[in-house]
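Below is one structure, written out as structure tokens, with a few remarks after it.
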Protein chains: 2
Amino acid sequence: MSGERVTVIDIARAAGVSKSTVSLVLQGSPLVHEETRAKVNAVIRDLGYVYNRGAANLRQSNSKSKIIGIVVNDLTNSFFAELAVGVDVVVQSAGYVQFLSNTGESVDRQSEVIASMREHGISGLILSPARGTEAVDLKALVASGIPVVNVVRQIAGAKVSSLISDNRAGMHEAVRHLAGLGHRRIAFLGGFADTAVFADRLTGYREALVALGLTPQDELVISSAPRGRVAWRPSSGLCCCASGRRRRSASMMRSPSVSATG
Amino acid sequence: MSGERVTVIDIARAAGVSKSTVSLVLQGSPLVHEETRAKVNAVIRDLGYVYNRGAANLRQSNSKSKIIGIVVNDLTNSFFAELAVGVDVVVQSAGYVQFLSNTGESVDRQSEVIASMREHGISGLILSPARGTEAVDLKALVASGIPVVNVVRQIAGAKVSSLISDNRAGMHEAVRHLAGLGHRRIAFLGGFADTAVFADRLTGYREALVALGLTPQDELVISSAPRGRVAWRPSSGLCCCASGRRRRSASMMRSPSVSATG
DNA sequence: TTGAAAGCGCTAACAA
DNA sequence: TTGTTAGCGCTTTCAA
């Protein structure tokens, strides 16, 4: 019952064939006789054999591990959890498995998990980077030739494929929407002030106001402090207001929040 | 720049030492001279060497992969996301990496990801099982000797360590609390009717009512339909009420919800 | 259609 | 303290 490792050799012996025949069966090769395949498969089941991917990858010339890594900055944020689940569905249906890790916004932790994933031979990486990640942090990774796609947050100067939401255009739409409802004092809640996302949103917000002939006011710009505490400067009677239609989907990038007073 | 695999042999050659010396350095063995270690490490950095854990595990007698798998039934549920993150913290601080997968309540998917994890040589598994998981689904796994701990949901008859909340006792407390506030018509919302959790909660609910001299009424028992839709039977003016103090922590099992009317 | 043999990158005796 | 040698479990030519 307990774990004496069963290998291809064991099942070859039990089935009365050679190692390589077993290997072919394992890979679903059409070159092996139907009877042989059936017998081998039966033995595999009987002996409780489990395929050793590590050994296979080792030998395989092109080292296809069939595992793709995904590291997210904050899994407790349901946006990222849904992202991970969405990716997982695709990854799995492609016959890969997902190696998911959470960095909790720690760049150091991120380096560790990425290193670990590399050691385990991931064949690709999807990265939603921790706040403060810089291009240099990814240099060795991209140099190694493993495909990486960066999502959600832009990394200035990094030579990787990126999938990012257009925060500036989103703010344009949001502000226009509120203005269309007759609001004139439109406040801005853009998240953490030290992020590129924040800057993009703020730019879009200001541009949109100006385009509408309104004057941006600094007192209506509210940001979160880097430590996660909201730097809330109480202002005159703000009321909240959704910026538009909301959908729940990991494939949709979240729209920035906007508040307004009539 | 692109991926010509650098091996211990390459770094041995470049450092003017043998394979095994490199291996010792890699493992932080104290048996190697300080200068040698320094030179080897320098070469490792220069050549951009990445350790091949697959090869190492293959050779190692006790096959310690340093990866532990965690499979959860619904990662979009923030309870499980926080669970995963909490586990991850511990796993990582123990020098392991986490292989996280989501089953989305599919028993089939669960079998697949567990199989995949086994093939990748996980050294342990934490499982928050999909609804409908039975003891037989885990038989091969536990027979293989890899340690598995089952969490959140009980699996009847499964021979695995389990970490489960005491739903019955929780309901006792919740009902007693509401009764203590003077409520007499206490309703029950216990989640999916086809789960063991539901049964435990319902049992606790009824026991507590009876112990208080109240009569359980079926019309006050509300369950969710298996497909995720709430089977809501509108009843006479129910109002909601927290069942007690709430803490946010992955290490805490969620208390059942309770509603009541005075 | 199947078998024999070599070797993937690494570690573990055993020598030196 | 370091080098030599022999595999771990698998895939892959190359023959049969």
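Quantities reported herein were computed from a predicted structural model and do not represent experimental measurements. Excluded from the calculations below are hydrogen atoms, water molecules and symmetry mates; all remaining heavy atoms, backbone and side chain alike, are included. In the text below, chain A, chain B and the rest are named by the order of the sequence lines, each starting its count at 1.
- One interatomic measurement links the two molecules: CG of A:Asn57 to C1' of C:dG9, which rounds to 12 Å at whole-angstrom precision.
- Legend: residues meeting side-chain contact (heavy atoms from CB on, under 4.5 Å) with B:Val107, ordered by chain and number and at least two apart, are B:Ala130, B:Thr133, B:Asp137.
- Between the side chain of B:Ser93 and the backbone N or O of B:Val89 there is at least one donor-acceptor pair closer than 3.5 Å.
- The stretch residues 27-50 of chain B comes close to DNA chain C through B:Gln27, B:Tyr49, each having a heavy atom under 4.0 Å from the strand.
- Summarising the geometry, the separation between CG on B:Leu24 and P on C:dA12 is reported as 9 Å, rounded to the nearest angstrom.
- For A:Asn150, the side-chain hydrogen bond (donor to acceptor under 3.5 Å, both in side chains) partners at least two apart in sequence or on another chain are A:Ser162.
- Take A:Ser128 and apply the side-chain hydrogen bond (donor to acceptor under 3.5 Å, both in side chains) test, not counting sequence neighbours, and it matches A:Asn73.
- Spacing between atom CD of B:Glu119 and atom P of D:dT11 amounts to 11 Å, rounded to whole angstrom units.
- The nearest whole Å value for the distance from the CZ atom in A:Arg13 to the P atom in C:dT2 is 19 Å.
- Note on A:Val17: only backbone sugar-phosphate atoms sit closer than 4.0 angstrom, heavy atoms only; bases stay farther off.
- Residues satisfying the side-chain hydrogen bond (donor to acceptor under 3.5 Å, both in side chains) criterion with B:Glu134, sequence neighbours excluded, are absent altogether.
- Under the ring pair (Phe, Tyr, Trp, His ring centres under 6.0 Å) criterion, A:Phe80 pairs with no residue, sequence neighbours left out.
- The side-chain contact (heavy atoms from CB on, under 4.5 Å) check on B:Ala14 picks up B:Val43, B:Leu47, with sequence neighbours excluded.
- Under the rule for a side-chain contact (heavy atoms from CB on, under 4.5 Å), B:Asp46 has no partner lying at least two apart in sequence or in another chain.
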Let me check something: any side-chain donor-acceptor pairs from residues 21-35 of chain A under 3.5 Å, sequence neighbours excluded? List them with distances.
unit_1  : atom_1 : unit_2  : atom_2 : d
A:Thr21 : OG1    : A:Ser18 : OG     : 3.4
A:Ser23 : OG     : A:Gln27 : NE2    : 3.1
A:Gln27 : NE2    : A:Ser23 : O      : 3.1
A:Ser29 : OG     : A:Leu31 : N      : 3.1

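- For A:Gln60 and D:dT12, the CD to C1' distance is 10 Å, given to the nearest whole Å.
- Remark: A:Arg153 pairs with A:Glu105 by the side-chain hydrogen bond (donor to acceptor under 3.5 Å, both in side chains) rule, at least two apart or across chains.
- Residue B:Thr7 places its side chain closer to C:dC10 than to any other of D:dC10, C:dT11, C:dC10.
- A:Asn52 places its CG atom 18 Å from the P atom of C:dC8, with the value rounded to the nearest Å.
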Under-3.5 Å N/O pairs linking protein and nucleotides 14-16 of chain D:
none

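- Out of D:dC10, C:dC10, C:dG3, the shortest distance to the side chain of B:Tyr51 is found at C:dC10.
- Rounded to whole Å, the distance from CG on A:Leu58 to C1' on D:dG9 is 9 Å.
- Remark: A:Ser23 is not in phosphate contact with D:dC10, judged by side-chain N or O atoms under 4.0 Å from OP1 or OP2.
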Which pairs, protein N/O on one side and nucleotides 4-7 of chain C N/O on the other, fall under 3.5 Å?
unit_1 : atom_1 : unit_2  : atom_2 : d
C:dA4  : N6     : A:Ser20 : OG     : 3.0
C:dG7  : N2     : A:Arg59 : NE     : 2.5
C:dG7  : N3     : A:Arg59 : NE     : 3.0

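- Using the six-membered ring where Trp is involved, A:Phe99 and B:Phe99 have ring planes that are parallel, under 30° apart on the 30 and 60° scheme.
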